Amino acid sequence: MKTKYFMPVLFLFLSALLVCCTEEFVGQPSTDSTSPGTISVVKVESTPGGANIIYKAPSDPDLLYVKAYYELNGKMQNTSASLYTDTLKIVGFGNTDPQTIQVCCVDRSGNEGKAVPVDIKPPYSGCRTGFRNHSYGDGIGRYTAYLGK
């Protein structure tokens, strides 16, 4: 009687074990190898410590987002913007040296379009501006900070 139930239970257990071990792909598979079009930069607005890059994305139905690559403190950084917006926000620069940002489009298959170089010259960041505009004077028993000039 026990062997009558043992074999079907063993068969169900082994088949469930085999089904559980298969790995399924999650996400959208690659649909093409065609890269999206080139982005066109409309305007660059300098902000303290960074810039806003206003662009016009190509009319590709497969477009997913716009990506920007730049070097910050010796390390490559990137930022991205959805296809539903037209502005990339670049932040984190502490100096006013001219920077070159590479902007490209990425489609749903992960293909990157041709990168467009964008030159920016960010003004000083807010903390750097505050640090440059204050001075110290003698107070009673300690130094006194004066903001502004």
Side-chain angles (χ1 to χ4, degrees), residues 10-149:
L10 180 64
F11 177 73
L12 286 174
F13 175 73
L14 290 176
S15 63
L17 185 65
L18 287 175
V19 171
C20 293
C21 293
T22 59
E23 188 173 328
E24 294 183 22
F25 179 74
V26 178
Q28 180 178 355
S30 295
T31 55
D32 64 2
S33 61
T34 307
S35 62
T38 306
I39 193 167
S40 60
V41 176
V42 177
K43 187 166 80 168
V44 176
E45 296 175 346
S46 294
T47 59
N52 291 334
I53 300 173
I54 301 170
Y55 58 87
K56 181 165 175 41
S59 60
D60 186 1
D62 200 23
L63 182 69
L64 184 60
Y65 61 92
V66 176
K67 183 186 273 189
Y69 297 102
Y70 56 96
E71 188 173 343
L72 182 64
N73 298 329
K75 295 181 182 177
M76 287 303 290
Q77 302 289 327
N78 65 3
T79 186
S80 60
S82 169
L83 73 120
Y84 300 110
T85 185
D86 66 346
T87 305
L88 268 168
K89 295 185 181 201
I90 311 294
V91 295
F93 296 108
N95 54 21
T96 60
D97 297 337
Q99 305 289 333
T100 301
I101 312 294
Q102 301 290 331
V103 181
C104 65
C105 296
V106 180
D107 66 2
R108 295 186 190 280
S109 300
N111 303 320
E112 289 188 6
K114 184 180 176 191
V116 175
V118 178
D119 294 324
I120 65 168
K121 189 173 188 315
Y124 280 112
S125 63
C127 62
R128 177 78 52 119
T129 304
F131 182 72
R132 291 178 68 215
N133 289 339
H134 77 281
S135 61
Y136 292 103
D138 291 331
I140 301 174
R142 64 174 75 170
Y143 289 107
T144 305
Y146 300 105
L147 298 177
K149 296 231 177 193

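Quick caveat: nothing in here was measured; it's all calculated off a predicted structure.
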Note to self: Checking L88 against I101 for the side-chain contact (heavy atoms from CB on, under 4.5 Å) test, could you report, in this order, the C-alpha distance in whole Å, the side-chain angles of both residues, the deciding distance, and whether it holds?
What the structure shows: CA-CA 11 Å; L88 268 168; I101 312 294; over 6 Å; no
Notebook entry, point to check: Is there a side-chain contact between T100 and Y69 (heavy atoms, below 4.5 Å)?
Noted result: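 No - every pair of side-chain heavy atoms lies 4.5 Å or more apart.
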Checklist line | Side-chain touch V103/Y55, heavy atoms, less than 4.5 angstrom | finding: no
What pair of heavy atoms forms the shortest contact from [X] to [Y], and how long is it?
X: C104; Y: K114; result: CB-O, 4.1 Å
X: P58; Y: L63; result: O-CD2, 4.1 Å
X: G50; Y: P122; result: O-CB, 3.4 Å

Gap between atom [atom2] of [Y] and atom [atom1] of [X] - 0.5 Å precision:
X: C105; Y: E112; atom1: SG; atom2: CD; answer: 10.0 Å
X: K121; Y: D97; atom1: NZ; atom2: CG; answer: 7.5 Å
X: I90; Y: S46; atom1: CD1; atom2: OG; answer: 11.5 Å
X: L64; Y: D107; atom1: CG; atom2: CG; answer: 8.0 Å
X: K56; Y: K43; atom1: NZ; atom2: NZ; answer: 15.5 Å
X: D86; Y: I54; atom1: CG; atom2: CD1; answer: 6.5 Å

Which atom pairs, one a donor and one an acceptor, fall under 3.5 Å between side chains of residues 71-81 and the rest of the protein, sequence neighbours left out?
none

Next item on the list: May I ask you to decide if N111's main-chain N or O and S109's side chain share a donor-acceptor pair within less than 3.5 Å?
Entry: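 Judged by distance alone, no pair lies under 3.5 Å.
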Note to self: Looking at T47, is its backbone amide N or carbonyl O close enough to the side chain of N52 to form a donor-acceptor pair, meaning the two atoms are under 3.5 Å apart?
What the structure shows: no
Notebook entry, point to check: Does the side-chain contact (heavy atoms from CB on, under 4.5 Å) test come out yes or no for Q99 and F93, once each step is laid out?
Noted result: CA-CA 9 Å; Q99 305 289 333; F93 296 108; 3.6 Å; yes
